[in-house]
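What follows is a single structure, written as structure tokens, with notes after it.
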Amino acid sequence: MFDQLTKRLADVFTLMGKKGKLSEENIQDGIRQVKLALLEADVNFKVVKSFISRVEKIALGEKVLKSITPAQQFIKIVHDQLVETMGGEGSVDLDFRKSRLNILLCGLQGSGKTTTAAKIALKFKKDFRFLLVSTDVYRPAAIQQLQVLAKEAGVAFFDEALNIRKPLDIVKKAKKYAEKNGYNGIIVDTAGRLEIDSELMKELLQISKVIDFNEVLFVADSTAGQAIAETVQGFHNSVELTGLVITKFDSDTRGGAALSVREVTGKPVKFTGTGEKIEDLELFYPERVASRILGQGDILSLVENAQEHIDEEDVKKLEKKIKKNKFDLEDFRDQIRKIKKMGSLSKIMEMLPGIKGKQANVDDKELIRIEAIINSMTPFERSNTNILNGSRRKRIATGSGTTVFDVNRMVNKFIDMKKMMKKFSKNPKLLENIGNQGIPNIRMPY
Ligand code: GDP
């Protein structure tokens with residue numbers, strides 16, 4: 001998502017940056033280019049209009065024209081106004097004021113409601129005891145789909161739903177069951193609608209009244225483009241929505257709809273779905289998305305994600321090992337496992353600034369291959385790569401289903417990486433220099 005927009009805006013900024021000092025005309029031209037880029041990205045035209053008028057007002061002020069770095073100032077203005085368009089700073093949290101978290105999910109068929117139900121439960125299961133409830137009695141196997149996802153997320157599922165024919169009865173029974181069994185979070189997934197249909201809307205309204213929901217979230221598929229806004233409005237006419245979840249943020253759609261939806265509907269975006277796996281749900285932070293659009297990389301999301309999966313103590317231990325040149329293949333395998341927990345490597349790479357297009361295309365299968373190779377070694381071999389002679393390498397290749405060539409390549413790259421680590425740990429200034437130039441070329445050690 002946003003790839004094209006990011007590229008277009010980067011071109012505009014690069015051109016402006018080359019000019020040094022900017023004239024009013026240069027800025028006007030820049031604004032025109034930004035406007036075109038947004039329209040091309042399918043941003044709603046009214047949203048573009050108000051965005052551009054805000055940018056104009058600030059960018060043509062004295063401050064920008066007289067500043068020493070007008071192009072950077074211009075980028076900052078575009079960034080800040082993008083943030084504004086998407087709802088301002090900070091994420092919009094769920095309504096946690098009550099000691100329970102009841103959520104109703106609605107939206108069109110195939111938008112990702114069922115997956116999102118499991119994703120939310122997984123994200124907050126530390127804080128709430130959830131019961132997942134499906135009321136989709138219309139689509140064959142829809143209830144079972146949630147059952148499977150609930151199991152994967154490790155949360156309870158209301159299986160009585162499988163034997164009840166009416167959605168309203170399911171919700172009533174689920175409510176009683178939750179009260180009796182001490183669940184303080186009920187997530188209700190509703191039947192998908194192909195389009196706004198009055199019978200199903202009535203049913204949704206009735207369901208929404210059975211339980212005191214903290215949130216009624218509309219799940220919007222970002223690949224649907226501008227049509228989202230209209231559908232949100234249609235739903236909101238029937239049931240009071242508290243916010244949106246935008247799914248398929250990982251797709252390569254133009255992204256304009258996701259950018260416009262807040263301003264057009266007045267409803268805050270609370271989450272984005274960033275993949276098919278149940279871990280792929282992120283809180284929506286307008287400033288991070290803006291930074292991502294402007295090619296600054298979503299460092300904050302990455303940091304947050306890393307914090308969730310990486311223990312500070314472990315990091316310290318690792319630093320010590322690197323300093324003492326004791327980092328071995330066992331440690332390396334641990335790191336690979338952590339990366340795998342954080343999501344796919346290519347996704348992590350996409351979040352890093354300075355890494356674009358093809359460079360982000362890291363093959364996740366390589367990680368699996370590397371892990372398999374390391375798994376086939378004995379612990380002693382993992383700590384002492386120098387003993388890896390021909391016959392050992394052959395055995396490792398057979399054990400891991402790879403070739404001796406793969407094993408050689410991995411071991412050689414690992415040795416190179418260790419040498420580099422040694423160099424950096426002796427002279428941290430080298431790392432600073434790399435930081436100044438952005439991240440030019442990250443290579444995996446294979
Ligand atoms: P529902 O009909 O609204 O319940 O939609 P589902 O939850 O069944 O999702 C429809 C399809 O979209 C499934 O194949 C999901 O795996 C996929 N899906 C859901 N959310 C996302 C997402 O954020 N990214 C991607 N790539 N796929 C998603």
Side-chain angles (χ1 to χ4, degrees), residues 1-3 103-123 130 132-153 155 157-158 161-162 167 170-171 187-197 200-201 203-204 207 215-225 227-228 231-232 234-235 239 241 243-255 257-259 261 269-285 288-289 292 298 301 305 342-344 346-348 350-351 360 364:
M1 193 125 101
F2 301 126
D3 283 358
I103 300 177
L104 178 62
L105 295 169
C106 60
L108 297 181
Q109 197 168 318
S111 60
K113 288 179 300 302
T114 310
T115 320
T116 303
K119 285 178 175 181
I120 296 179
L122 178 69
K123 196 162 193 81
F130 284 115
L132 285 184
V133 181
S134 172
T135 61
D136 190 354
V137 296
Y138 309 102
R139 187 164 62 93
I143 299 184
Q144 285 89 338
Q145 185 193 347
L146 187 61
Q147 186 176 31
V148 171
L149 291 173
K151 193 165 175 209
E152 202 183 319
V155 292
F157 173 75
F158 184 61
L162 289 161
I170 296 179
V171 182
I187 302 182
V188 177
D189 179 23
T190 56
R193 285 129 177 93
L194 278 176
E195 54 188 22
I196 297 176
D197 154 328
L200 283 170
M201 284 299 177
E203 180 186 290
L204 182 63
I207 292 175
E215 299 279 350
V216 180
L217 300 176
F218 179 84
V219 180
D221 179 341
S222 59
T223 60
I228 292 179
T231 322
V232 170
F235 271 75
V239 59
L241 301 171
L244 309 176
V245 180
I246 303 185
T247 59
K248 309 183 191 174
F249 226 64
D250 50 311
S251 66
D252 56 5
T253 42
R254 289 178 289 167
L259 246 172
V261 79
V269 179
K270 303 217 168 180
F271 296 106
T272 53
T274 56
E276 291 195 43
K277 286 197 279 170
I278 55 170
E279 293 84 10
D280 300 331
L281 183 79
E282 287 178 15
L283 283 168
F284 184 77
Y285 290 96
R288 295 184 193 178
V289 179
R292 194 184 289 185
D298 198 347
S301 286
N305 198 351
M342 281 169 62
S344 81
S346 43
K347 211 178 262 174
I348 294 168
E350 266 173 29
M351 288 186 179
D364 285 301

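In listed order, ligands and their atoms are each counted from 1. Basis for what follows: all heavy atoms, side chains included, without hydrogens, waters or symmetry-related copies. Position 1 is the first residue of the sequence, and the numbers go up from there.
Of the protein's non-hydrogen atoms, D250 OD1, 2.9 Å is the one closest to atom 24 (N) of ligand 1. Given atom 8 (O) of ligand 1, the protein heavy atom at minimum distance is Q145 NE2, 2.9 Å. Given atom 16 (O) of ligand 1, the protein heavy atom at minimum distance is E276 OE1, 3.1 Å.
Here T272 has no heavy atoms under 4.0 Å from ligand 1, in either its backbone or its side chain. Looking at K119 against ligand 1, only its side chain comes within 4.0 Å, counting heavy atoms.
Annotation: T115 places an N or O atom under 3.5 Å from an N or O atom of ligand 1; distance criterion only. Between D280 and ligand 1, a contact under 3.5 Å exists for no N or O pair. Below 3.5 Å of separation, one finds an N or O of T114 facing an N or O of ligand 1. An N or O contact shorter than 3.5 Å is missing between T247 and ligand 1 by distance. For ligand 1, one of its N or O atoms has an N or O atom of K248 under 3.5 Å away. Of the polar atoms of F249, none of the N or O atoms is found under 3.5 Å from an N or O of ligand 1, judged by distance alone.
A side-chain donor-acceptor contact under 3.5 Å links T190 to the backbone of L105. Under a 3.5 Å cut-off, the side chain of S222 and the backbone N or O of I246 do not form any donor-acceptor pair. Side-chain atoms of K119 do not come within 3.5 Å of backbone N or O of G273 as any donor-acceptor pair.
Of the listed options G275, A117, A142, G112, G275 places a heavy atom closest to atom 22 (C) of ligand 1.
Residue-ligand proximity: S111 is placed with a non-hydrogen atom under 4.0 Å from ligand 1. A heavy-atom separation below 4.0 Å is found between G110 and ligand 1.
Rounding to the nearest 0.5 Å places CZ of F218 at 8.5 Å from NZ of K113. For the atom pair CG of L244 and OG1 of T272, the computed distance is 12.0 Å after rounding to the nearest 0.5 Å. Note that CG of D280 is 10.0 Å distant from NZ of K123, once rounded to the nearest 0.5 Å.
For ligand 1, the atoms lying closer than 4.0 Å to a non-hydrogen atom of K113 are 1 (P), 2 (O), 3 (O), 4 (O), 5 (O), 7 (O). In the vicinity of T274, heavy-atom distances shorter than 4.0 Å reach the ligand 1 atoms 23 (O). Within ligand 1, counting atoms from 1 as listed, the ones closer than 4.0 Å to a heavy atom of G273 are 23 (O).
Contact between L149 and T115 at its shortest, heavy atoms only, is CD1-CA, 3.9 Å. Looking at every heavy atom in both residues, S134 comes nearest to A161 through O-CB, 3.7 Å.
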Item to check | Derivation and outcome, salt bridge (charged side-chain N to carboxylate O under 4.0 Å, His left out), residues R288 and E282 | outcome: CA-CA 11 Å; R288 295 184 193 178; E282 287 178 15; over 6 Å; no
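Checked against side-chain hydrogen bond (donor to acceptor under 3.5 Å, both in side chains), D189 has the following partners two or more places apart in sequence or in another chain: T114.
A ring-centre distance under 6.0 Å is not found for F271 and F249.
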